[in-house]
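What follows is a short report on a single structure.
None of the values given here were measured: they were computed from a predicted structure. These numbers come from the heavy atoms of this one structure, side chains and all, not from hydrogens, waters or symmetry mates.
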Amino acid sequence: MRIFDPHIHMTSRTTDDYQAMHAAGVRAVVEPAFWLGQPRTSPASFLDYFDSLLGWEPFRAAQYGIAHHCTLALNPKEANDPRCLPVLDELPRYLVKDQVVAVGEIGYDSMTPAEDTALAAQLQLAADHQLPALVHTPHRDKLAGLRRTLDVVRESALPTDRVLVDHLNETTVKEAKDSGCWLGFSVYPDTKMDEERMVAILRTYGPEQVLVNSAADWGRSDPLKTRKVADLMLAEGFTEDDVDRVLWRNPVAFYGLSGRLDLDIAATEATHEGNSILRGGA
């Protein structure tokens, strides 16, 4: 079984997770830029973070046979902080990098006017750079958030078939599917979707343009949720082809819209800029 986790925050995870993911069949990941967990105080902290997503994380992933790409953006939560807004001016020089396969995460957290502005600006950046967009729908008041998101997407220069609307659930999946966007579902231990609900949605709506992710980060989360969804799909009567479509071919198709997706694992050096993932080693 081959698995592509299309939304996972490996910066927050250990190399043990990479090892366990590879053993479970994960061979590719996309890591979206997201909230640090505490307020950033300047654009410079974003730039160091972006550099790590383009350098250190692909190096770590390759040590365990996993291809790593990223999406870059000003995330919705920090779009409300004026100290962070200048990063929008820095994004264009990052969006031309080979490892960047979309603009994201963008979208809504609290549905403020500042978030409206940041979302519209970054959808335009995606169109300008011929990249797809990964859009975060809010965790509160989800249906209203989805509808507001889709309104902004439709007003943008980016076609809906180049937009992945993430963190969907039973209340939002139908309208998201009707919009023509790609459909993203985050499977968590306690919140968002779980395996059983995810399989029920697949049974109702089908596997077309559906991406399943773990969204694993610094909170309680599980980087093996993609494999657990795949196993339950098979137990519930889905075919191996269905599993491969949802857990591999769909994310390859969406991020392949960037023209930059490269799933070959290149041979890596023992160190990255002189640093090793080994403790006590060279």
Side-chain angles (χ1 to χ4, degrees), residues 1-9 12-13 17 20-21 24-26 29-32 34 76 104-105 107-109 111 134-150 160 163-255:
M1 183 185 298
R2 55 182 183 173
I3 295 173
F4 187 147
D5 193 328
H7 181 157
I8 185 168
H9 301 291
S12 306
R13 312 300 303 193
D17 291 317
M21 288 161 61
V26 177
V29 300
V30 166
E31 179 162 358
F34 82 136
E105 296 177 63
Y108 287 111
D109 178 59
M111 290 186 282
L134 169 61
V135 179
H136 168 107
T137 55
H139 302 305
R140 304 173 297 278
D141 202 1
K142 292 191 73 67
L143 187 55
L146 173 72
R147 289 170 175 168
R148 188 161 170 176
T149 298
L150 294 177
T160 55
V163 175
L164 170 58
V165 182
D166 212 347
H167 306 316
L168 296 175
N169 63 14
E170 295 88 345
T171 68
T172 53
V173 57
K174 184 180 186 304
E175 290 194 29
K177 185 177 179 69
D178 291 345
S179 75
C181 292
W182 293 71
L183 313 176
F185 297 88
S186 300
V187 183
Y188 263 38
D190 296 319
T191 60
K192 302 183 176 72
M193 301 296 297
D194 61 23
E195 295 94 314
E196 290 76 15
R197 290 166 62 197
M198 186 67 246
V199 170
I201 284 176
L202 286 166
R203 188 177 295 113
T204 300
Y205 293 96
E208 295 80 11
Q209 291 189 235
V210 171
L211 281 71
V212 173
N213 66 74
S214 70
D217 57 19
W218 32 251
R220 184 160 188 265
S221 50
D222 181 354
L224 302 183
K225 280 294 188 183
T226 49
R227 177 57 190 255
K228 292 172 183 177
V229 169
D231 288 342
L232 186 59
M233 287 178 68
L234 292 174
E236 293 291 323
F238 285 87
T239 67
E240 291 184 2
D241 186 71
D242 292 330
V243 171
D244 190 69
R245 182 173 190 173
V246 172
L247 275 300
W248 184 265
R249 301 198 311 270
N250 283 352
V252 167
F254 176 74
Y255 287 114

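A distance of 9.0 Å separates CE of Met21 from CD1 of Ile3, quoted to the nearest 0.5 Å. Here the straight-line distance linking atom CZ of Arg2 with atom CH2 of Trp248 works out to 6.0 Å at 0.5 Å rounding. In this structure, CE in Met193 is found 4.5 Å from CD in Glu170, a value given to the nearest 0.5 Å. Here CG of Asp166 is found 6.5 Å from CD of Glu105. Values are rounded to the nearest 0.5 Å. Taken to the nearest 0.5 Å, the CZ atom of Arg147 stands 13.5 Å off from the OG1 atom of Thr137. Here CG of Asn250 is found 11.0 Å from CZ of Phe4. Values are rounded to the nearest 0.5 Å.
Between Met1 and the choices Leu234, Val26, Thr226, the side-chain contact (heavy atoms from CB on, under 4.5 Å) rule is met once, by Leu234. Of the residues listed (Leu224, Val187, Val246, Asn213), the one engaging Val229 in a side-chain contact (heavy atoms from CB on, under 4.5 Å) is Val187, and it is the only one.
Ser221 places a side-chain N or O within donor-acceptor distance of the main-chain N or O of Gly219, the cut-off being under 3.5 Å. A donor-acceptor pair under 3.5 Å is formed between the side chain of Arg140 and the backbone N or O of Asp109. In this structure a side-chain-to-backbone donor-acceptor pair under 3.5 Å is present from Tyr255 to Pro6.
Side-chain contact annotation: His167 with Ser186, donor-acceptor N/O pair under 3.5 Å present. Thr239 and Asp241 share no donor-acceptor pair across their side chains, judged by distance under 3.5 Å alone.
His7 places none of its side-chain heavy atoms less than 4.5 Å from the side chain of Leu164. Contact annotation: the side chain of Thr160 never approaches that of Leu150 to less than 4.5 Å [non-hydrogen atoms, C-beta and beyond].
Here the closest heavy-atom approach between residue Pro223 and residue Ser214 is recorded as CA-OG, 3.9 Å. Between Leu211 and Pro251, the shortest heavy-atom contact is CD2-CA, 3.7 Å. Scanning both residues, Trp182 and Ala253, for their nearest heavy atoms gives CH2-CB, 3.7 Å. Closest heavy-atom contact between Thr149 and Gly145: OG1-O, 2.7 Å. Among all heavy-atom pairs drawn from Arg197 and Asp194, the shortest one is N-OD1, 2.8 Å. Nearest approach of His9 to Glu31, heavy atoms of both residues: C-OE2, 3.6 Å.
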Compile the donor-acceptor pairs under 3.5 Å between side chains in residues 198-210 and protein atoms, sequence neighbours left out, one pair per line.
residue : atom : partner : partner atom : Å
Arg203  : NH2  : Glu236  : OE1          : 3.3
Thr204  : OG1  : Ala200  : O            : 3.1

Begin from the C-alpha positions of Lys174 and Asp178 and carry the test side chain to side chain contact (heavy atoms under 4.5 Å, CB included) through to its verdict.
-> CA-CA 6 Å; Lys174 184 180 186 304; Asp178 291 345; 2.8 Å; yes

Could you go step by step and tell me if Leu232 and Phe238 meet the side chain to side chain contact (heavy atoms under 4.5 Å, CB included) rule?
-> CA-CA 9 Å; Leu232 186 59; Phe238 285 87; over 6 Å; no

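Counted within 6.0 Å of CD on Glu240, heavy atoms from surrounding residues, nucleotides or ligands total 12 or fewer; the atom is thus considered open.
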